[in-house]
Undergrad: 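First, the structure itself, so that you have it in front of you.
Labels below follow one simple rule: chain letters A, B, ... track the order of the sequence lines, proteins then strands, and each chain is numbered from 1. Everything numeric here is computed off the predicted structure, so don't read it as measured data.
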Amino acid sequence: MSIDVADIHYAYGSAPALRGIDLSIESGELLALLGPSGCGKTTLLRIVAGLEFPQRGRVAFNGRDVTDVSARQRHVGFVFQHYALFNHLSVFENVAFGLRVRRWRLRPKRDELQRKVRDLLDLVQLGDFAHRLPAQLSGGQRQRVALARALAVEPEILLLDEPFGALDARVRGDLRRWLRGLHDRIHVTSVFVTHDQEEAFELADRIAVMNQGRIEQLADPQTLYTQPASPFVCRFLGEVNELPVALHARWSGHDEADVTAFVRPHDLDFVPAAAGGARIESVRDLGPTVRIEARHPALSAPLVAIHERGRFGGSGLAAGQAVAIEARRWVLFRGEQAVTEA
Amino acid sequence: MRPRWRRQALPGFGLTFGVCASYLFLIVLIPLAALALKSATLGPAEFWNAVASPRALASYRVTFGCAALAGLVNLVLGPLLAFVLVRYRFPGRKLVDALVDLPFALPTAVAGITLTKLYAPNEPLGAWLASLGWKVAYTPSGITVALIFVSLPFLVRSVQPVLEQLDPDIEEAAATLGAGRLTTLWRVVLPALWPAILAGFALAFARAIGEYGSVIFIAGNMPMVSEIAPLLITGKLDQHDYAGATAIAVVLLVTSFVALIAINLLQLWTVRRRSADTR
C-alpha cells in the first residue's frame with residue numbers, strides 16, 4: 001500500500017514541529033525517517049499512524065484520503081520504542097490481542113486464532129515463549145513480540161518508532177538484519193524512525209533526512225552519501241572535515257573563495273612533508289582502523305583521517321610529525337548550496 | 001547455636017528492626033492481646049450469648065453490610081474519579097484533587113452532623129428523597145452514605161499513582177490494533193489497575209467497619225435496624241459490661257482480619273493468574 005503525505009504542518013502549542021512535509025512512499029518500500037532528536041520525525045510517523053492529527057495537510061493510503069480517519073480504523077501496524085506490551089498478558093495473548101478485539105463476525109475461530117498466533121511467534125522466533133509474560137523477556141525479545149503483535153492484524157503498512165532505540169548495540173545489529181530479512185519476505189510497506197544513520201543505511205531502501213520540521217533530502221543511501229543536498233545532510237551522515245577552499249575559474253566560471261569542501265575521514269590523507277603546514281596531534285588505534293588527528297594553524301577544528309589498518313602500517317605517521325593534507329574525494333558547498341562542476 | 005545473620009550492605013537493620021518490633025508490640029499487639037484476654041474472662045456460653053444475641057447479629061449485618069456496600073460503590077466511583085483527575089485537564093482540577101482528601105481531614109463528627117443535616121426528613125434534600133420513598137437519614141441507607149463519604153479517598157488515592165505511572169503507549173498500541181475506547185479500558189487499563197483497586201477496597205472496607213463518628217448521627221441507632229456494632233460496644237461499656245464489649249470487639253477484629261486476608265489473597269491471585277493466563 002502506498003503512502004502519500006502532502007503539505008503536513010504540525011505544531012505543539014506555538015512550537016512548530018513539522019513545516020510542510022511532502023513525502024511519497026511506494027508500496028512495499030522500506031523507508032527510514034532519519035534526523036536528530038526534535039526534528040519532527042516521530043511526529044510525522046504518528047501522523048501517518050493516526051495517533052496525531054496535523055493542523056494542515058493530507059495523508060492518503062493508496063490514493064484514499066485518511067487524514068481524518070482514527071488510528072483504530074487506519075489498519076496500520078505500529079511498533080513503539082519502548083515496546084508498549086500489555087504486561088498483564090502472556091506473549092501469546094499480546095499477539096492475539098488484535099484478533100480478539102475484532103468485531104464478532106470478523107473474529108477468527110479458536111483454532112484459526114491459535115494457528116495464526118503460533119505462526120507469528122515462529123516468524124519472530126519466539127515459539128517457545130508463548131506462555132511467558134513480557135517481564136520475563138529480554139529487550140530484543142519484547143520488541144519481537146511487539147512486532148508480531150503489530151503483524152497479527154495483517155496491516156498493509158508497518159510503522160516503527162525507533163524500534164531498536166532501547167536495545168544494546170549487539171542486539172540492535174542482529175535485530176535490524178533480521179528485520180531487513182523479514183521485510184524482504186513479507187514486503188509490507190514500512191516506515192521506521194531512527195536517529196542512527198548506520199541503522200538507516202543498513203535497513204532502508206530510501207532515507208528521508210529531516211531537520212527542523214522539514215525533509216532535507218530524500219534519496220537512496222548511495223545517492224545520499226555521494227551527493228548530499230546540504231551541509232546538514234553531509235554532517236549528519238557521519239564525521240566530516242570542512243576545509244575552506246578557493247575555487248579555480250575552471251569549476252564555476254570565475255574564481256571564488258567562499259566555498260567549503262566536505263571531506264570524509266577515510267577520503268583524507270596525511271603525507272609526511274617538512275613544510276606541509278599541518279602537524280599530527282594524535283594517532284589512535286581503533287582495531288580495524290586507525291584514527292589520525294592533525295591540526296592546521298588556519299583551522300579551528302582538528303582534521304581527522306581514518307585509515308584502514310593495512311594502509312596505515314606503511315605510512316609511518318606518528319604524533320608530532322609535520323604533514324601535508326590530501327583529499328581523494330570531496331563535496332563542495334557554497335553556503336547551503338551544493339556546487340557542481342560547470 | 002547462635003543464628004548466623006547474613007551480612008547486609010545496608011547498615012542499621014538490628015536497631016531499626018528492634019525499634020519497629022517494640023513499637024508494633026506496644027501499640028498493636030499488646031492491646032489486641034488484652035482484648036482477647038478480657039473477652040476470655042467470659043465462659044463459652046456467656047461469650048456466645050454476648051456475640052450471638054439477636055441484637056448483636058443485627059448490628060454485624062448493618063456494619064458489614066453497609067461497609068461492603070459503601071466499598072462496592074467506591075470501587076466504581078473511586079477509580080472513575082482518579083481517572084478523571086489523572087487523564088483530563090480542566091479548570092479547578094487541583095481543587096477537586098484537594099477535595100478528595102477532605103473526608104480524611106474533616107473530623108468525622110463534623111461529617112456526620114453535616115450529612116444528617118442534609119438528609120434529615122425535615123430538610124429539603126431529605127424531604128425530597130423521602131417523597132420518592134427513599135428515607136436516607138436514620139436508616140442503613142444513611143449509614144452507607146456516611147461510609148461512602150469517609151472511605152472514598154482510599155480508592156482514589158490508591159489508584160491515582162498507578163494510573164499516573166501507566167504508559168500511555170499501551171493505550172495507543174491497543175488503538176492501532178483496532179480496539180475501541182471501551183475495549184481498551186476494559187482489557188488494557190483496568191487489568192493494570194486491579195491490584196491497586198483491590199488494595200484500596202481493602203483499606204476502605206476496613207475503615208468503614210470501624211467508622212463511628214460520622215455514622216452515629218445519621219444512623220438513628222435503632223436496635224435491630226440501624227445500630228452499628230461499634231455503637232453496641234459503646235453501649236455495653238456504658239453499662240460497665242466490659243467483657244461483653246470486648247467479646248463483640250473480638251468478632252469485629254477477627255472478621256476484619258479475615259476479610260483483609262481474603263482481599264490480599266485475591267490481589268495475589270490476580271497477579272499470579274497473569275502468568276497462567278494462556279489458552
Undergrad: Could you tell me which non-hydrogen atom of A:Ala84 sits nearest to which non-hydrogen atom of B:Ala173, and how far apart they are?
TA: O-CB, 4.0 Å

Undergrad: Tell me, side chain or backbone of A:Leu99 under 4.5 Å from chain B's heavy atoms, or both, or neither?
TA: neither

Undergrad: How about OH on B:Tyr23, more than 12 heavy atoms from neighbouring residues, nucleotides or ligands closer than 6.0 Å, or not?
TA: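 Open.
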
Undergrad: Do other residues, nucleotides or ligands put more than 12 heavy atoms under 6.0 Å from A:Phe53 CZ?
TA: yes

Undergrad: Using non-hydrogen atoms and a 4.5 Å limit, figure out which bit of B:Thr176 sits close to chain A: side chain, backbone, both or neither.
TA: both

Undergrad: Would you sort out whether A:Arg46 and B:Glu172 count as a side chain to side chain contact (heavy atoms under 4.5 Å, CB included), showing the intermediate values?
TA: CA-CA 10 Å; A:Arg46 289 172 59 84; B:Glu172 291 182 347; 2.7 Å; yes

Undergrad: Looking only at heavy atoms, which two atoms of A:Val153 and B:Leu177 are closest? And how far apart?
TA: CG1-O, 3.8 Å

Undergrad: Does CZ belonging to B:Arg89 count more than 12 external heavy atoms closer than 6.0 Å?
TA: yes

Undergrad: Is the number of heavy atoms from other residues, nucleotides or ligands within 6.0 Å of CZ (B:Phe17) greater than 12?
TA: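 It does not: B:Phe17 CZ has 12 such atoms or fewer within range.
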
Undergrad: Would you give the length of the straight line joining atom CZ of A:Phe86 to atom CG of B:Asp167, rounded to the nearest 0.5 angstrom?
TA: 10.5 Å

Undergrad: Just verifying a value: how many Å separate B:Leu193 CG and A:His88 NE2, rounded to the nearest 0.5 Å?
TA: 10.0 Å

Undergrad: Shorter than 4.5 Å, heavy atoms on both sides: which option in A:Phe97, A:Phe80, A:Phe78, A:Tyr83 has the most such pairs with chain B?
TA: A:Phe80

Undergrad: Go through the atoms of A:Ala135 and report whether side chain, backbone, both or neither lie under 4.5 Å from a heavy atom of chain B.
TA: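 Neither part, no heavy atoms under 4.5 Å.
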
Undergrad: If you count heavy atoms of other groups shown closer than 6.0 angstrom to CZ of B:Phe257, is the number above 12?
TA: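 Not buried by this count: 12 neighbours or fewer within 6.0 Å.
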
